[in-house]
Amino acid sequence: MHDNDAARRLDLTRRQFVAGSAMAGFTVFLAACGRSGASVAPSTAPVASTAPSDAASVAPSASVEPTPKPSTSAELNFANWTYYMDLDPKDETKYKTLEDFKAKYGTTVKYQEAIDGNDEFVGTIKPQLEGGQDTGWDLVVLTDWMAARLIRLGWVEQMDLGNMPNVTANLQDVYKGVTWDPTDDHHVPWQSGMTGLGYDKAKTGVLTSLDAFFDAKYKGKVDYLTEMRDTIGLTMLKLGLEPSKATNADCDAAIAEIKKAKDAGIVRAFKGNGYAEDLKSGDVVLAMAWSGDMVQALVDKPTLQFTVADQGGMLWTDNCLIPKGAKNAYTAQVLIDFCYDPAIAAQIEAYVNYICPVKGAADVLLATDPDVANNPLIFPPADILARLHIFNGLDEATEKYFNDQFATVNGLG
Amino acid sequence: MGGFLRRHKRIVPYLLLAPGLLWLAVFYVLPGIQMFVTSFWSGTLETGYEFALSNISNYTAALTRFAPQFTRSILYGGAATLLTFAISYPLAYTIAFRGGRYKNLLLFLVVAPFFTSFLLRTLSWKIILGDTGILLGPLKNAGVLPEEFRLLATPVAVIFGITYNFLPFMTLPIYVSLEKVDRRLVEAAEDLFATSFGAFRRITLPLSLPGVFAGSLLTFIPAMGDYVNAELLGNPDTTMIGNVIQNQFLTQNNYPTASALSFLLMAGILIAVGIYARLLGTEELTAGGV
Amino acid sequence: MATMAVSTRTRPTKTGSERFVRFWNRYLLFIYTGLAIVYLMLPVVVMALFSFNDPAGKSNFVWQGFTLDAWQNIFEVPGLQSAVTISLGIAFLSTAVATVLGTLIALALARHDFRGRSGTNLFIFLPMATPEIVLGASLLTLFVAIGAPPFFPLSFITILIAHIMFNISFVVVTVRARLAGFPTHLEEAAMDLGANEITTFRKVTFPLILPGIMAAALLAFSLSIDDFVITNFTSGGTLTFPMFIYAKARIGIPPQVNVVGTIIFLSAVGLVAISTLASRRRTMRDEAVARKHATDGT
């Protein structure tokens, strides 16, 4: 929440873009990291939001019956992570994009920052999903691996891409055609992000190595993440292992390293979003952090900084999903599509500071904010991209092994 | 209607009891039984659950796997109970024996903080006990404490938080039983040449023991089950069985294990209350013990 | 004070250690009580203090400046109003139901003897002594097992049920404490004067136990507004005020939350103060009336 106009302006002047090359580099990078099948041509010109959908790349999943188009509902229940929706600079009680949506469609979006961790959130709706009942949420945002799991279990509503022309036209190609959703109609990317070093420059100086997480110099002042794939991923990178090929043996090595750090008293806590608070209060000086959070935390503490380490960082994507049994599935699709309008995506991006999956948003931002230069956190340059890794997709048995092992170090096993 | 009641005087108490007890039966006893049954399930949310008595292995598995957390809970709960006793007893004694006109006011002051959200209170302690907060900051600046010293994210902070949160549960029962002590007995003892401390030790203290037991009942096992203090004020090495239960229920959806652990706590309280009832009777339990 | 048939020896003179104990009794105990109360109140004061803070960003734990901003724009924070409304709604409803159910039980326990009395005492005490996590978790297993999600999702209703459940015991204990020493002779007098049971209850019993019922209701209300653990298990996605705080704790609690907490605290304190003053005034008025009658010889 930005209570301070000056701080807002400060935020905006920090956002600096180099559109073309960074976006291109990013898309090429993602393609190289194994998203199968999709075309890898980088986007160049901004695509207007009203461009007709390319029939060839869209495979409508269900046969589209000539039924009359449903109208948007009065309400929509949207659960998301923190720092993922733009607050209106003129009225900090409202989310600008959601207000715009209401103005256009008349739907009141009940937005809650209810997600602190994938497992924790899904744990609260699993009983309903299992029973095939309405979870109370129409739209949720979950990381790749959780999205993959839910889709596999059949707990996600299929979307009708015919209702979503913006998505079809503007979704970056590299996100298309993933193995766990080949028809791209069960999920829509919301934001991508990086995991790396989040620290207080004033207390630690500039950090560039993952070794800092295991350094006794910061004893008791380091937070790790409850997100298993991030913590184990970064640890593997520190050990020189490759997270995108993680095996049980790799897991054991990483867990041993984490355990050593914990026994030495280096780790203070395992947190979800809460590490930001700890950094701000000074209870910790270093945390495994998510890129966008750090930019927003700067308002409270200007000495905070985010860096992708030399050994590398993690890359992940959070995706929009419609839980099965959602009452307002159609309206959810309309909202997702609304957010894929480059102008709206630019509006969200200006606040959220994560990596944007919408074609054309960068160009809009360049045009509306020309004195804004390159922000490497939103449009990472090639050298950073080269160091980012995506965690290996795990099958159920391996995932359980990883989770059980992780539980032995985070105090819950 | 009045006539009906007069004629059937015997059933009046049962009519009065029925609605409330029915509610408790359905929403306290039944869930307890359900939890006991659930602890004998095997399977997962996806594969479906199956009841089998052989699943008593759930209990042994849970106890071995989570032994550290269980032991820690007993330790922290015990420490917190002792601390609440140490803090509450003199407080209750002062109010009961020396409170005079201000008894009710003092009691109210003891209870008043608990009109605020306990989360906000615990978070306030987090602010107060922060590494560079108003307590540690000046001490560190003055050089009295080393820079790396911290209270938060240690067992001390967790026990401290639990103690604070459970104070009224110990203070009020002790107060009630001290209040009931007949002052004339103390006078008599002093007339018979007992010192004040002797009179206290041999008259007042023993008579207040029922209150102390009741307060311990309301403190020890609920403190064992607490997880919010461990989560907000502790670190991964201070997790208690409450954290495990919460994680197993809400995140892992591992109902059988979670129910087994929960039921162990439940069994603990049932046994403790049973012992109390056997020794001291049940009247005191609801006669203003809180 | 009953006279004791003891010898006419005076009390033994106090030794040095005895004087120390007297000193301790007189002063140190008061000092200790003062300190204890400061200790109890400290977090409340800190909470209230930080409601006046002017944080630059999201975090509210370093004092940055005094402002009434949060007080003037309490519901500026998205989601806060809905959480508070839900909490208040649940608190009112659960207090109402639990107070009625609990008072009936307290009446039965205090004024009747019946079989199963000790079992009832035990049964009422148990929910208070059971760890909250067990209460919440067992309710969750029940709701899941009976397939509550199809009939009603984990939501307002399930939270309400849970709150009523744990409030009943506290109401029973509070009302019963006030029923001790109830002047039953007044009821008998009323009935001697021709009132039936219902009228007696309405005009004599009920007004006399009303303060106890109000105290119990206040306690139940506070417990309900404040409950976190049990609500966490039975709420599904619904956010009550404590759950809202918990969610915000990760990213920064806005001062408005402190404002709401302070308001709740002051309201409860205010209610107790008002009712105490009211009852004191009633007692003084009753005494004045009685004195008047005595002197008038009526």
Side-chain angles (χ1 to χ4, degrees), chain A residues 116-131 149-150 152-155 203 216-224 226 228 231 258-259 261-272 274 277-278 280-285 396 400 403-404 406-413, chain B residues 43-49 61-62 64-69 72 123 126-133 136-137 140 146-155 157-158 227 230-255 257-258 261:
Chain A
D116 189 46
N118 289 291
D119 278 314
E120 286 83 357
F121 178 72
V122 171
T124 64
I125 54 173
K126 236 199 229 182
Q128 289 95 313
L129 287 171
E130 176 60 23
R149 186 200 291 173
L150 294 186
R152 186 189 78 225
L153 289 167
W155 287 350
K203 302 258 179 67
K217 199 166 28 156
Y218 306 113
K219 185 172 155 166
K221 294 252 178 215
V222 182
D223 270 348
Y224 287 7
T226 49
M228 179 266 286
T231 306
I258 296 175
K259 190 161 193 319
K262 197 182 74 131
D263 289 340
I266 297 174
V267 183
R268 186 193 179 97
F270 287 78
K271 292 280 170 109
E277 277 302 282
D278 285 348
K280 289 184 226 167
S281 72
D283 285 346
V284 304
V285 297
E396 201 172 349
K400 184 170 191 321
N403 277 329
D404 284 344
F406 192 58
T408 64
V409 284
N410 72 1
L412 291 169
Chain B
T44 67
L45 204 52
E46 296 167 33
T47 67
Y49 293 110
T64 32
R65 182 173 173 200
F66 299 113
Q69 284 89 349
R72 238 179 264 144
L123 288 165
K126 197 165 177 220
I127 296 178
I128 299 172
L129 297 176
D131 290 5
T132 49
L136 294 182
K140 283 187 185 173
E147 192 59 42
E148 324 86 53
F149 182 81
R150 69 166 197 252
L151 280 176
L152 285 183
T154 61
V158 177
Y227 68 88
E231 193 176 315
L232 293 177
L233 304 172
N235 64 44
D237 280 326
T238 64
T239 49
M240 299 170 69
I241 201 68
N243 300 83
V244 174
I245 295 177
Q246 191 235 17
N247 181 261
Q248 292 292 317
F249 259 119
L250 296 181
T251 307
Q252 315 290 351
N253 292 130
N254 186 355
Y255 293 138
T257 307
L261 291 168

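In what follows, chains carry the letters A, B, and so on, assigned in the order in which the sequence lines appear, proteins first and then strands, with residues in each chain numbered from 1. Note that this is a predicted model, so its numbers are computed, not measured.
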Please report the shortest heavy-atom distance between [X] and [Y], naming the atom on each side.
X: A:Gly220; Y: B:Arg150; result: CA-NH1, 3.2 Å
X: A:Ala269; Y: B:Pro236; result: CA-CD, 3.7 Å
X: B:Gln69; Y: A:Gly411; result: NE2-O, 2.7 Å

Under 4.5 Å from a heavy atom of chain B, the part of A:Asp278 involved: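 Only the side chain of A:Asp278 comes within 4.5 Å of chain B.
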
For the atom pair OG1 (B:Thr251) and NZ (A:Lys126), what is the distance rounded to the nearest 0.5 Å?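 Output value for this atom pair is 9.5 Å.
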
Please flag which part of B:Asn243 lies under 4.5 Å from any non-hydrogen atom of chain A: side chain, backbone, both or neither. both

Do you know which of B:Asp131, B:Ile127, B:Thr239, B:Leu250 has the most heavy-atom pairs under 4.5 Å to chain A? B:Asp131

A:Lys262/B:Asn235 under side chain to side chain contact (heavy atoms under 4.5 Å, CB included): CA gap, chis, key distance, verdict: CA-CA 10 Å; A:Lys262 197 182 74 131; B:Asn235 64 44; over 6 Å; no

